[in-house]
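To start, the structure itself, in structure tokens.
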Protein chains: 2
Amino acid sequence: MITIVGELVIGEKRCLNSELWHACAGPLVCLPTLGSRVVYFPQGHSEQVAASTNKEIDGHIPNYPSLPPQLICQLHNVTMHADVETDEVYAQMTLQPLTPQEQKDTYLPAEMGISSKQPTNYFCKTLTASDTSTHGGFSVPRRAAEKVFPPLDFSQQPPAQELIARDLHDVEWKFRHIFRGQPKRHLLTTGWSVFVSAKRLVAGDSVLFIWNEKNQLLLGIRRASRPQTVMPSSVLSSDSMHIGLLAAAAHAAATNSRFTIFYNPRASPSEFVIPLSKYAKAVYHTRVSVGMRFRMLFETEESSVRRYMGTITGIGDLDPVRWPNSHWRSVKVRYSCYVIVSALCNDHFSVTNDFSVYVMLFQH
Amino acid sequence: MITIVGELVIGEKRCLNSELWHACAGPLVCLPTLGSRVVYFPQGHSEQVAASTNKEIDGHIPNYPSLPPQLICQLHNVTMHADVETDEVYAQMTLQPLTPQEQKDTYLPAEMGISSKQPTNYFCKTLTASDTSTHGGFSVPRRAAEKVFPPLDFSQQPPAQELIARDLHDVEWKFRHIFRGQPKRHLLTTGWSVFVSAKRLVAGDSVLFIWNEKNQLLLGIRRASRPQTVMPSSVLSSDSMHIGLLAAAAHAAATNSRFTIFYNPRASPSEFVIPLSKYAKAVYHTRVSVGMRFRMLFETEESSVRRYMGTITGIGDLDPVRWPNSHWRSVKVRYSCYVIVSALCNDHFSVTNDFSVYVMLFQH
DNA sequence: TTGTAGGCTTGTTGCCGACAA
DNA sequence: TTGTCGGCAACAAGCCTACAA
């Protein structure tokens with residue numbers, strides 16, 4: 001007799017805190033609205049799978065001539081998730097390709113997607129060697145502590161309190177918050193090292209605290225990207241995964257049935273599910289030509305947004321053989337020198353010369 | 001400029017120690033010979049993916065009428081692997097479906113597959129609470145220590161030596177082996193707790209030491225199955241994985257090109273790549289009928305093999321709609337009461353009543 | 001303002017035999 | 001024969017201030 005323990009629920013769908021999810025995902029990540037129409041790019045999905053499996057696509061992947069480079073879909077489900085092991089944020093979406101008839105319906109106003117409204121009362125700090133060593137606690141930046149932590153009772157000597165913060169999995173973490181030292185400073189002492197070792201944080205990773213409207217303290221992490229952490233999956237070969245993504249989309253398109261995808265903002269170079277209205281506006285109502293200036297947004301190390309201007313140097317298919325007439329990375333843009341790019345994954349590579357990238361018209 | 005560190009090689013193919021791999025995989029696991037012809041069962045592969053993603057197949061998966069329930073293939077590559085995080089053993093195989101013409105060639109003699117010859121000088125112990133606590137070391141069963149560890153110098157008081165053992169990743173682990181206490185016993189002290197915490201072993205997991213012909217000490221682990229450790233992959237939906245496996249096999253069959261699969265003996269209920277000669281012998285040269293006795297092999301907790309006799313109660317298609325004329329689990333066998341089954345994964349579930357299973361004719 | 005280091009206290013790890021299952 | 005415990009010693013964790021960047 002096989003006994004299933006009552007409390008153990010595998011694959012249970014809980015509602016993650018949206019504010020914390022978006023804060024961990026970064027300011028550039030935006031999820032389409034539930035029920036809206038979106039454009040799905042198999043090419044972009046393919047890029048994400050390639051990034052996740054650490055394997056380029058090679059010639060063994062069959063063509064799916066019946067699968068267009070962009071599918072207009074109804075978004076039936078969006079759920080936010082976080083990896084149980086690493087806390088990495090990702091989203092699950094259920095898409096249903098629309099018939100040409102259904103596509104003709106006029107756009108609804110609320111289809112632009114919910115931009116990631118970063119919370120106001122929050123701070124994000126990249127951990128130092130001292131923060132992560134077993135020797136001491138966490139040094140809280142002064143303005144951050146004053147803005148997002150509840151005020152201390154300064155009649156006590158030294159002023160101290162217990163903070164309780166919840167992470168993405170709704171797990172409580174308790175910290176002793178104390179204001180002491182010469183000069184005086186805010187510190188998290190007792191409880192901090194338990195958190196660091198439980199989350200396996202190292203110097204360079206970031207933690208982020210949010211004080212929300214309900215007077216709750218939320219706690220998220222953003223890992224510095226360590227390239228070697230991407231492992232082979234051992235479940236399915238990367239070729240089969242690529243074929244699976246294409247075949248699943250092709251089958252759903254042929255039968256107008258639903259299919260499910262995962263969007264992993266930190267693994268993927270670009271969003272591959274875009275609000276239809278945003279796509280239509282960019283593709284049908286924007287004139288682009290070689291020589292035009294093109295704006296791009298990047299996330300800085302302090303997780304704010306910076307604009308960079310580039311020049312369009314080419315327009316056309318990225319992969320004319322497999323994906324003719326695709327709007328995926330159809331615009332080639334050159335950016336000028338000394339741009340320090342801090343990509344989403346915190347892997348800040350510095351570009352000291354000119355560099356060119358293939359981007360989408362509808363990218364940010 | 002993106003710099004790739006020279007030493008860091010991702011996905012490098014090293015030759016794993018075959019003896020240790022087989023010992024960790026268990027006595028029932030057997031890999032087909034390189035270059036031989038094998039039979040591949042998409043159904044079985046599907047079962048493994050379902051077990052790995054913890055998700056049953058549902059109706060969303062399209063049929064692949066062009067894909068037969070068994071594909072005769074040439075085995076172009078077999079490599080043994082171990083998960084970097086968990087040490088879980090798995091194998092990667094490259095298969096090429098054969099044309100009807102190629103299938104007609106006569107069998108070669110060496111196509112029966114290399115059975116997992118368990119090493120003679122080895123022992124396997126399931127860890128106790130004391131073994132895994134931080135309070136002490138590892139208590140070595142006396143006969144085990146005398147059989148597989150190098151002899152101690154009993155002129156010392158107490159007799160002690162340093163043991164160096166290599167794991168599946170060729171990482172060295174050093175232990176102080178001492179013979180002390182009242183009554184006298186063999187213990188591993190210094191170095192043991194580092195190993196336990198590095199491998200994240202808990203009471204119930206097993207360790208296994210081999211003393212091979214080259215006078216090397218090998219060290220493997222077998223985890224007690226903890227069902228909740230199976231996580232959603234967040235790379236590809238389980239539906240897409242199922243479609244991918246079928247589409248990859250169908251594409252390879254249609255074009256007679258190679259495809260790659262992973263075989264995970266501890267996740268999968270059954271082997272789905274079988275030597276052709278074994279398959280042919282069982283399917284074409286064995287008469288079976290309802291009422292006949294049928295032998296099955298099971299792995300015991302001490303990782304030896306036990307035989308159980310059952311009675312065939314049915315013969316026919318497991319899934320007549322999707323997979324007509326399949327030899328995958330086409331035989332229904334009933335086993336009698338009080339069989340204590342210890343499956344490969346150490347999850348020993350006791351069966352106190354009769355139970356029936358669907359098996360393959362060519363199963364062990 | 002805040003990262004790191006030195007001093008000092010306290011809690012945990014880890015080696016030992018005793019004892020009992 | 002071997003699992004667990006109490007004793008004890010060594011060590012690391014963790015709280016504090018000092019100092020300098």
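Every heavy atom of this structure was used, including side-chain atoms; hydrogens, water molecules and symmetry mates were not. Within every chain, numbering begins at 1; the chains are lettered A, B, ... in the order of the sequence lines, protein sequences first and strands thereafter.
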Assign the ring pair B/Tyr90 / B/His81 to parallel, tilted or perpendicular, where the plane angle (0 to 90°) is split at 30° and 60°.
parallel
Give B/Ser193 one of three labels, base, sugar-phosphate or nothing, depending on what nucleic acid heavy atoms sit under 4.0 Å from its own.
sugar-phosphate
Looking at B/Asp131 and B/Lys125, is any side-chain nitrogen of the basic one under 4.0 Å from a carboxylate oxygen of the acidic one?
yes
How many Å lie between CZ on A/Phe175 and P on D/dG14, as a whole number?
13 Å
For ring-ring contact (aromatic ring centres under 6.0 Å, His included), just list the numbers for B/Phe175 and B/Phe195, CA-CA rounded to whole Å, side-chain angles, deciding distance to a tenth of an Å, and then say yes or no.
CA-CA 9 Å; B/Phe175 305 107; B/Phe195 177 73; 5.7 Å; yes
Can you confirm whether or not the ring centre of A/Phe149 sits under 6.0 Å from the ring centre of A/His186?
no
With side chain to side chain donor-acceptor pair (under 3.5 Å) as the rule and sequence neighbours excluded, what pairs involving residues 143-155 of chain B come up?
B/Arg142-B/Glu146, B/Asp153-B/Ser155
Distance test, side-chain N/O of B/Thr134 to OP1/OP2 of C/dG14, below 4.0 Å:
no
Taking protein heavy atoms under 4.0 Å as touching, what does nucleotides 15-21 of chain C look like 5' to 3' if B marks base contact, S marks sugar-phosphate-only contact and - marks none?
BBBBBB-
Phosphate-side-chain proximity, B/Ser130 and D/dT4, N/O vs OP1/OP2 below 4.0 Å:
yes
Under 4.0 Å between a Lys/Arg side-chain N and an Asp/Glu carboxylate O for A/Lys214 and A/Glu19?
no
What's the shortest heavy-atom distance between B/Leu163 and B/Gln161, and which atoms?
CD2-NE2, 3.8 Å
For atom CG of B/Asp131 and atom P of D/dG3, their distance in whole Å
6 Å
The helix from C/dT1-D/dA21 to C/dA21-D/dT1: angle between its terminal axes, five pairs each, to 10°?
40°
Is B/Asp167 paired with B/Lys199 through a side-chain N to carboxylate O contact shorter than 4.0 Å?
yes
Mind checking if B/Thr128 touches a base, just sugar-phosphate, or nothing, with heavy atoms under 4.0 Å?
sugar-phosphate
Here the distance between atom P of C/dT2 and atom NE2 of A/His186, to the nearest Å, is 9 Å
Is any side-chain nitrogen or oxygen of B/Lys125 closer than 4.0 Å to OP1 or OP2 of D/dT1?
no
Short N-O contact, B/Glu88 and B/Arg222, less than 4.0 angstrom
no
